[in-house]
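Naming: A, B, ... by sequence-line order, numbering from 1 per chain.
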Number of protein chains: 2
Amino acid sequence: MPFKPHPPCLSASTDAPATAGPAVAPEPGAPGAAFSPLYRQIKGLILQSLDRGEWKPGEAIPSELDLAARFKVSQGTVRKAIDELAADNILLRRQGKGTFVATHHEDRVRFRFLRLAPDDGQHARSRSRFLECRRLRAPAEVAKALELRAGDSVVLVRRVLSFGEIPTVIDEIWLPGSLFRGLTAERLAEYKGPMYGLFESEFGVRMIRADEKIRAVPAGAPEAELLDIEAGTPLLQVERISFTYGDRPVEMRRGLYLTSRYHYRNSLN
Amino acid sequence: MPFKPHPPCLSASTDAPATAGPAVAPEPGAPGAAFSPLYRQIKGLILQSLDRGEWKPGEAIPSELDLAARFKVSQGTVRKAIDELAADNILLRRQGKGTFVATHHEDRVRFRFLRLAPDDGQHARSRSRFLECRRLRAPAEVAKALELRAGDSVVLVRRVLSFGEIPTVIDEIWLPGSLFRGLTAERLAEYKGPMYGLFESEFGVRMIRADEKIRAVPAGAPEAELLDIEAGTPLLQVERISFTYGDRPVEMRRGLYLTSRYHYRNSLN
DNA sequence: AAGTGGTCTAGACCACGAT
DNA sequence: TCGTGGTCTAGACCACTTT
């Protein structure tokens, strides 16, 4: 044994957070006080910084040693917090370079949210045609999904997505009006790149997670015309609710996918 | 600084694996020698033990300290290997009790592979009716998916899954004949519990991962009759390939889901 | 050469579960 | 009380990238 045991300096969950610890509330006597380890509290602090925009998508966050000094914990504890954020696809580690805030401007992130893949593997150029973009009062169903009050302002966007000139997806997208003030059909149309990239760059709203419900439904007359198919053709209906930091819902979307040459891919782990 | 640096005892990736290291080939001068850290090699060794059945589903594996001694590495290294296996849902940690091999006899695992959920949240009793179970020579498409030679023996199972007496799913399941020797319609019918539970208990084949391709298709006449619906009704078609340890494909399955009262749920992370 | 993340170790202590 | 996994720390060294 090369060492003798060291003096008990700042023994984590008992001393550290309560005395010399970081800006973290250990809630000692709280009733439903769910115990959470230090690294998870650090994770929460990093998430707060991301949420308030201290580090923007694509940028590097401070090094592990810097963060350790800032939060007054060891590098290992910061590392474990970042490990989880990287596993959540919120941060991205690059050895030798630093740790970066994930962004929808990378294909890696984009394909996590675009699950439609060509049967033959040949990815064709995609193009959006925007049918409308208007403000209205939230219908009850939308208000509930977005956790708004019934009647709050929402933005409705409708578009047709084509792959290689073949119309394949109809999307109906509902967004909280308060977060997307200047959003217009023109800005959507002139923007190059994925829609979530625009949301993140222009409106500071980053989607980090989504839940989907999928069904098979028959095409109605309007959908059939938009997709250039016969009414009644089976379509994949994908209802999505997207969340930003803190599990706050910020998008409700209903997609209709034509799956004759494309399929929705999924992995069960 | 309370300490002075200690003497360099067994400095990991240079000394340890090469000299006193475990039964692991570091392949020093190999041409395409992809470097892999110690903990990942340990992960591989644990996976091998699982694959050869040294520890069975539901059982506990040895403690971290035991494994550390066995592989001649530190507890921390074993821990990191187990961390990854737990993240892969292959192992399951229970504080104070030990680390266990995941099993399809738990709901937690079962619902990872059964994505169909009732719209109203009321899970009804499910029941399988087996239409057939027979052996035949693998069609080209099946052979390719299961990485068999065309003409190898395969087992074909067809069944209807009902939720609360309402027929909802038609499954067509292809399995390698060599792995499922005694599989018959009777054994399937008399078995209580999920099918993957039977596969794992009776045939030693554990599914740990699956890829799915999803489409909307119209019901044909035979399917319509089985599901008690009209021909042409849109159905969700789910093509699945399941893998066991080492990414070996061991099942090809085509499901047709009636999604009028159920939906396929998915999370995008 | 300096800075970053990545690996490995060793040890102390905590939380949980069974005895 | 003991054994298990869980947390935290400290330090050495490796691998990668940039200066």
Discussion item. Can you confirm if the aromatic rings of B/His263 and B/Tyr257 lie within a centre distance of less than 6.0 Å?
Written reply: no
Worksheet item: Quick check, are the ring centers of B/Phe111 and B/His123 under 6.0 angstrom apart?
Response: yes
Worksheet item: To the nearest Å, how far apart are B/Ile82 CD1 and D/dG5 P?
Response: 7 Å
Practice prompt. Counting heavy atoms from C-beta on, name the nucleotide in C/dT9, D/dC8, C/dC8 closest to the side chain of B/Leu38.
Written response: C/dC8
Item to complete: Mind calculating the distance between OH (B/Tyr39) and P (C/dG5) to the nearest angstrom?
Response: 16 Å
Item to complete: Let me know which of B/Arg209, B/Glu212, B/His104, B/Met195 forms a side-chain contact (heavy atoms from CB on, under 4.5 Å) with B/Phe113.
Response: B/His104
Worksheet entry | Shortest side-chain distance from B/Arg79, nucleotide among C/dT9, D/dT7, D/dT9 | D/dT7
Discussion item. Quick check: closest heavy atoms across B/Ser126 and B/Leu161, and the distance to 0.1 Å?
Written reply: CB-CD2, 4.0 Å
Fill in: Separation of atom CZ in A/Phe35 from atom C1' in C/dC16, rounded to whole Å
12 Å
Worksheet item: B/Ala102 and B/Arg206: which non-hydrogen atoms are nearest, and at how many Å?
Response: O-NH1, 3.1 Å
Fill in: Qualifying residues under side chain to side chain donor-acceptor pair (under 3.5 Å), relative to B/Glu239, sequence neighbours excluded
B/Arg254
Discussion item. Using the ring pair (Phe, Tyr, Trp, His ring centres under 6.0 Å) criterion, which residues pair with B/Tyr191? Sequence neighbours excluded.
Written reply: none
Fill in: Distance test, side-chain N/O of B/Ser63 to OP1/OP2 of D/dT4, below 4.0 Å
yes
Worksheet item: B/Glu64 has a side chain; which of C/dC8, D/dA10, D/dG6 sits nearest to it?
Response: D/dG6
Worksheet item: Distance check: side-chain N/O of B/Lys80 vs OP1/OP2 of C/dC8, anything under 4.0 Å?
Response: no
Worksheet item: Given atom CG of A/Leu67 and atom P of C/dG3, what is their separation to the nearest angstrom?
Response: 17 Å
Fill in: Rounded interatomic separation in angstrom, taking CD from B/Gln75 and P from D/dC8
16 Å
Discussion item. Which residues in residues 83-108 of chain A have a heavy atom closer than 4.0 Å to any atom of DNA chain D?
Written reply: A/Gln95, A/Gly96, A/Lys97
Worksheet item: Rounding to a whole Å, what distance do you find between B/Asp66:CG and D/dG3:P?
Response: 11 Å
